[in-house]
2 protein chains.
Amino acid sequence: MAKPSKENTPITEHLAYLLAQANREINRQLELRLSKEGVPVEQWRILKVLSDGNGHSMGELADAVLLNHPTLTKMIDRMVSDTLVYRVQDPNDRRKVLMFISDRGKVLCRKLNSLAVDQEEHILESYGDKSTSELKRLLESLIDSSN
Amino acid sequence: MAKPSKENTPITEHLAYLLAQANREINRQLELRLSKEGVPVEQWRILKVLSDGNGHSMGELADAVLLNHPTLTKMIDRMVSDTLVYRVQDPNDRRKVLMFISDRGKVLCRKLNSLAVDQEEHILESYGDKSTSELKRLLESLIDSSN
DNA sequence: CTTCAATTCTTGAATATTCAATATTTCCAA
DNA sequence: TTGGAAATATTGAATATTCAAGAATTGAAG
């Protein structure tokens with residue numbers, strides 16, 4: 001009996017591939033909902049992070065919304081033009097810029113949240129309560145174990 | 001007691017966000033390994049799909065490797081320049097192009113496979129056998145339930 | 001103090017991706 | 001048959017992302 005080799009495992013069985021595929025699909029669905037308000041997923045994430053009302057530096061934001069710095073800077077430029085967020089120089093460390101959400105941003109964020117909740121509920125229905133929370137748990141622990 | 005509302009759930013608890021985060025992290029690690037051979041993850045996927053020796057049309061490939069058509073076309077152009085793959089017009093349907101892997105592509109693919117296996121083994125170690133297979137199972141079923 | 005390395009953010013050029021339009025071939029209904 | 005709609009792949013322009021470099025500020029060692 002030959003020693004089992006993983007070297008020609010089909011791509012569809014790799015964890016990296018399954019994650020990419022699931023992410024792509026769920027993201028596509030979310031995009032579809034949020035497009036009702038003409039907002040890309042990343043902007044919703046930004047608004048959501050800022051909606052705690054506190055100032056967040058660009059670096060902090062970039063980490064939180066999974067974008068690298070230059071991409072975030074350019075996206076924020078657009079959102080500032082749309083008056084969804086605004087910049088304030090950090091008084092304690094003038095290298096930093098603190099981002100805040102505007103009133104207009106808050107209103108938009110609420111609409112987007114409810115569209116996103118719709119999606120989560122749709123997933124819960126078709127995929128099941130139990131599977132969803134179990135999947136979330138496993139993903140969190142995978143992320144933890146990767147640091 | 002207020003009715004529990006999901007509308008201000010932190011972003012980190014959304015399934016879409018957890019998937020994006022996990023995908024980003026695992027993909028980053030894989031990228032790092034494959035960069036030893038200077039090959040992007042998508043090219044490895046392409047080689048892997050083609051390494052069954054059969055011809056695959058561009059549409060089929062695009063689905064399999066999670067790229068849209070124009071992006072794939074341009075990536076394939078590069079891989080043809082590198083003589084990793086080659087195009088053949090499908091004799092049965094001349095709208096289609098069949099992609100094949102070259103000998104050079106096969107050699108490279110074997111090296112890449114073993115780098116990828118390294119990663120999967122690293123995940124198994126730090127994350128555990130049980131969690132990994134359970135996560136894979138749940139991801140597969142999520143993908144299924146999304147179609 | 002002063003100098004120099006580290007941190008933070010932005011910019012511009014290079015690169016990659018996407019959208020819409022095009023070309024080719026096949027399919028099918030009239 | 002044939003004429004038009006559908007399927008397949010590519011192209012080019014518009015857009016977005018990334019990489020490397022730069023500007024400003026802080027921190028800290030000498």
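Below, chain A is the first sequence line, B the second, and so on; all start at residue 1. Keep in mind that the numbers below use all heavy atoms, side chains included, and drop hydrogens, waters and symmetry copies.
In terms of phosphate contacts, Ser57(B) brings a side-chain nitrogen or oxygen within less than 4.0 Å of OP1 or OP2 of dA9(D). In this model, the phosphate group of dT10(D) is approached by a side-chain N or O of Thr73(B) to a distance below 4.0 Å at OP1 or OP2.
For the pair Asn68(B) CG and dA20(C) P, the computed distance is 12 Å after rounding to whole Å. For the pair Arg87(A) CZ and dT8(C) P, the computed distance is 17 Å after rounding to whole Å. Atom-to-atom, CE of Met75(B) to C1' of dT18(C) comes out at 14 Å; the value is rounded to the nearest Å. Atom CD in Glu42(A) sits roughly 15 Å away from atom C1' in dT18(D) (whole-Å rounding). If you measure from atom CG of Asp77(B) to atom C1' of dG12(D), you get 13 Å, rounded to the nearest angstrom.
The closest donor-acceptor contact from the side chain of Glu25(B) to the backbone of Ala20(B) lies at 3.5 Å or more, if one exists at all.
The only member of Asp63(B), Asn54(B), Leu61(B) that meets side-chain contact (heavy atoms from CB on, under 4.5 Å) when paired with Val49(B) is Leu61(B).
Between Lys48(B) and Glu13(A) there is no salt bridge, since no side-chain N of the basic residue sits under 4.0 Å from a carboxylate O of the acidic one. Residues Asp77(B) and Arg87(B) are paired through a salt bridge, judged by an N-O separation under 4.0 Å between the basic side chain and the carboxylate.
For Lys96(A), the side-chain atoms get nearest to dT8(C) when compared with the rest of dT8(C), dA7(D), dA9(D).
The residue among His56(B) and Lys74(B) whose nearest nucleotide of DNA chain D lies closer to the 5′ end is His56(B). Heavy-atom distances to DNA chain D give each of Arg94(A) and Asp93(B) a nearest nucleotide, and the one nearer the 5′ end belongs to Asp93(B).
With hydrogens and angles left out, the side chain of Arg95(B) and the base of dT24(C) share no donor-acceptor pair within 3.5 Å.
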